[in-house]
Amino acid sequence: MNIKIISFFAIVFWNNLLIGIESQNSNYTHNNQQTWSLYKTIKNDENDCFISAICFDPSEKLLAIADCHKHVCIRDVISNKKLMSKNFDDEINSICFDQAGDQFAVLLYTPETHIFKIHYDERKKTIRYNPYYSLNHTGNISSIFFDNNNNICGIKLKMSQKMIQCIDLATNTKYISFEYDQWIKVIAVSPSKKYFVMGSDINHARLFDTEHSEEVIMLQLQSSVSACAFDSSEKFLAIASNDNIVHIFDLNTFTEISSFSHNRYISTICFGSSGKTLAIGSFNGKIHIFKQN
């Protein structure tokens, strides 16, 4: 009799345990609505060469790569063929294509920005590039991007005043200005300049709405921020943390909709124009491209 009672309670316990596990798995699926899988790995010229910046062209057929050897190249994503290669006299902070893929810009540590006219022949798989113009800057420019009006913009740090600014580099017009109260590690601005994200060695990222000049939310992470990027439609924000995890946030609800781990320290990250392609640069000279399923 005692054996039967024990067996009964054991069965009930086991069934409840299975229900609990299924419930947990269901919640996990609900909280992580997107799934991402590795699509391709692109190897740069040298092993263990720190990738400092990456960006897709608007077609997502080309990927530009800057490394720690003051070198920039543009590769065909499918074949990994190198279509452009150029060395500079200084370290490279940031690179970007314009909205049409006709211009390519390189920001040096100096700081100065070099802009090239780009012509990609898809049939021949070749690129012609010519220097267009250069801009010398005052102050510390940490990164550059082309906004939705195809203006070349820079994120500027005024450390003595603890202020971050987004400026039009060609006209020196100031768009955004924020004061900060902690050491800043990562900064990104969305293409329309509506959103602004700031990460530090503390385990969170702060998201600002520039139209209303207010902090929207503090996004909690398990580790400090190593890289972040907005997609071109401003629907998603990707944040990479020092525990080698990529977090994807929905900018409509400001909730995390996906996360996945990566086996290397992430130095830089970027979305493709579709918002369904994500490139991750690492310290080992490789770029891993993920696709949303």
Assess whether side-chain contact (heavy atoms from CB on, under 4.5 Å) is satisfied between Arg75 and Ile65, documenting all intermediate values. CA-CA 8 Å; Arg75 292 181 179 273; Ile65 306 165; 3.8 Å; yes
Ser223-Asn203 side chain donor-acceptor pair, cut-off 3.5 Å: no
Can you tell if the side chain of Ile287 reaches within under 4.5 Å of the side chain of Thr41, non-hydrogen atoms only? no
Examine the side chains of Ser282 and His288 and answer whether a donor and an acceptor come within less than 3.5 Å of each other. no
Tightest non-hydrogen contact, residues Ala66 and Ile95, listed as N-CD1, 3.9 Å
Distance in Å, Leu63 CG paired with Asp57 CG, rounded so as to fall on 0.5 Å steps: 9.0 Å
Check the pair Ile115 / Val106 against side-chain contact (heavy atoms from CB on, under 4.5 Å), numbers first and verdict last. CA-CA 6 Å; Ile115 298 178; Val106 179; over 6 Å; no
Taking all atoms of both residues into account, what is the closest heavy-atom pair of Cys55 and Phe104, and its distance? SG-CE1, 4.2 Å
Does the side chain of Asp67 reach to within under 4.5 Å of the side chain of Val72, using non-hydrogen atoms? no
Suppose we call two aromatic rings close when their centres sit under 6.0 Å apart. Are Phe208 and Tyr195 close by that rule? no
Sort and list the pairs that fulfil salt bridge (charged side-chain N to carboxylate O under 4.0 Å, His left out) and have at least one residue in residues 144-171, not counting sequence neighbours. Asp147-Lys193
Report the distance from atom CD1 of Ile176 to atom CD1 of Ile167, rounding to the nearest 0.5 Å. 11.5 Å
Check whether any side-chain heavy atom of Tyr265 lies under 4.5 Å from a side-chain heavy atom of Asn244, and answer yes or no. yes
Go through the steps to decide whether Ser224 and Asn242 satisfy the test side chain to side chain donor-acceptor pair (under 3.5 Å), and finish with yes or no. CA-CA 6 Å; Ser224 58; Asn242 282 330; 2.3 Å; yes
Over all atoms of both residues, closest heavy-atom pair of Gln99 and Pro58: O-CG, 3.3 Å
Which distance, rounded to the nearest 0.5 Å, do you find between the CD1 of Ile155 and the CZ of Phe196? 6.5 Å
Check this for me, if you would: do Lys61 and Glu122 make a salt bridge, where the nitrogen-to-carboxylate-oxygen distance has to be below 4.0 angstrom? yes
So do His114 and Leu108 actually touch side chain to side chain, heavy atoms under 4.5 Å? yes
Atom NZ in Lys117, atom OH in Tyr133: separation rounded to 0.5 Å? 8.5 Å
Should the heavy atoms of other residues, nucleotides or ligands under 6.0 Å from NZ of Lys276 be counted, would the total exceed 12? no
Only counting residues at least two apart or in another chain, list the ones meeting side chain to side chain contact (heavy atoms under 4.5 Å, CB included) with Asp231. Ser233, Lys235, Phe236, Phe271
Does a donor on one side chain and an acceptor on the other come within less than 3.5 Å for Ser192 and Asn148? no
Do Val186 and Val197 touch side chain to side chain, with heavy atoms closer than 4.5 Å? no
Does one side chain, of Gln222 or Ser241, offer a donor that lies under 3.5 Å from an acceptor on the other? no
Using the rule given for side-chain contact (heavy atoms from CB on, under 4.5 Å), can you reason through Phe50 versus Ser52, listing the C-alpha separation, both sets of side-chain angles and the distance that settles it, and then say yes or no? CA-CA 6 Å; Phe50 171 79; Ser52 58; 3.8 Å; yes
Please answer whether the main-chain N or O of Ile266 pairs with a side-chain N or O of Ser226 as donor and acceptor at a distance below 3.5 Å. yes
May I ask you to test the Asn93-Glu91 pair for a side-chain heavy-atom distance under 4.5 Å? no
Where do Lys194 and Glu234 land on the side-chain contact (heavy atoms from CB on, under 4.5 Å) test, with the steps shown first? CA-CA 9 Å; Lys194 177 182 178 180; Glu234 299 183 357; 3.9 Å; yes
Mind checking whether Ser273 and Phe56 have side chains closer than 4.5 Å, heavy atoms only? no
Is Leu278 close to Ile289 at the side-chain level, that is, under 4.5 Å between some pair of heavy atoms? no
Think Lys70 forms a cation-pi with Phe88, using NZ or CZ under 6.0 Å from the six-ring centre and within 45 degrees of its axis? no
Output the distance between atom CZ (Phe97) and atom CD (Gln103), rounded to the nearest 0.5 Å. 11.5 Å
Ile187 versus Ser142, closest heavy-atom pair with distance: CD1-OG, 4.2 Å
Would you indicate whether Glu179, at its atom CD, is surrounded by more than 12 heavy atoms from other residues, nucleotides or ligands within a distance under 6.0 Å? no
Test side chain to side chain donor-acceptor pair (under 3.5 Å) applied to Ser274 and Glu60, step by step: CA-CA 8 Å; Ser274 66; Glu60 297 186 14; 2.7 Å; yes
If we count only N and O atoms by modelled type, under 3.5 Å, do the side chains of Asp90 and Thr110 hold a donor and an acceptor together? yes
Kindly give the heavy-atom pair with the smallest separation between Lys291 and Thr277, and that separation in Å. NZ-OG1, 3.1 Å
With a sphere of 6.0 Å drawn around OH of Tyr109, does it hold more than 12 non-hydrogen atoms of other residues, nucleotides or ligands? no
Table please: side-chain donor-acceptor pairs of residues 78-87 below 3.5 Å, with sequence neighbours left out.
residue	atom	partner	partner atom	Å
Ser79	OG	Asp76	OD1	3.1
Ser79	OG	Lys81	N	3.2
Lys82	NZ	Asp45	OD1	3.3
Lys82	NZ	Asp45	OD2	2.5
Ser85	OG	His71	NE2	2.7

Without swapping roles, check the side chain of Asp98 against the backbone of Ala100 for a donor-acceptor pair under 3.5 Å. yes
Nearest-0.5 Å distance, CD1 of residue Ile74 to CD1 of residue Ile118: 4.5 Å
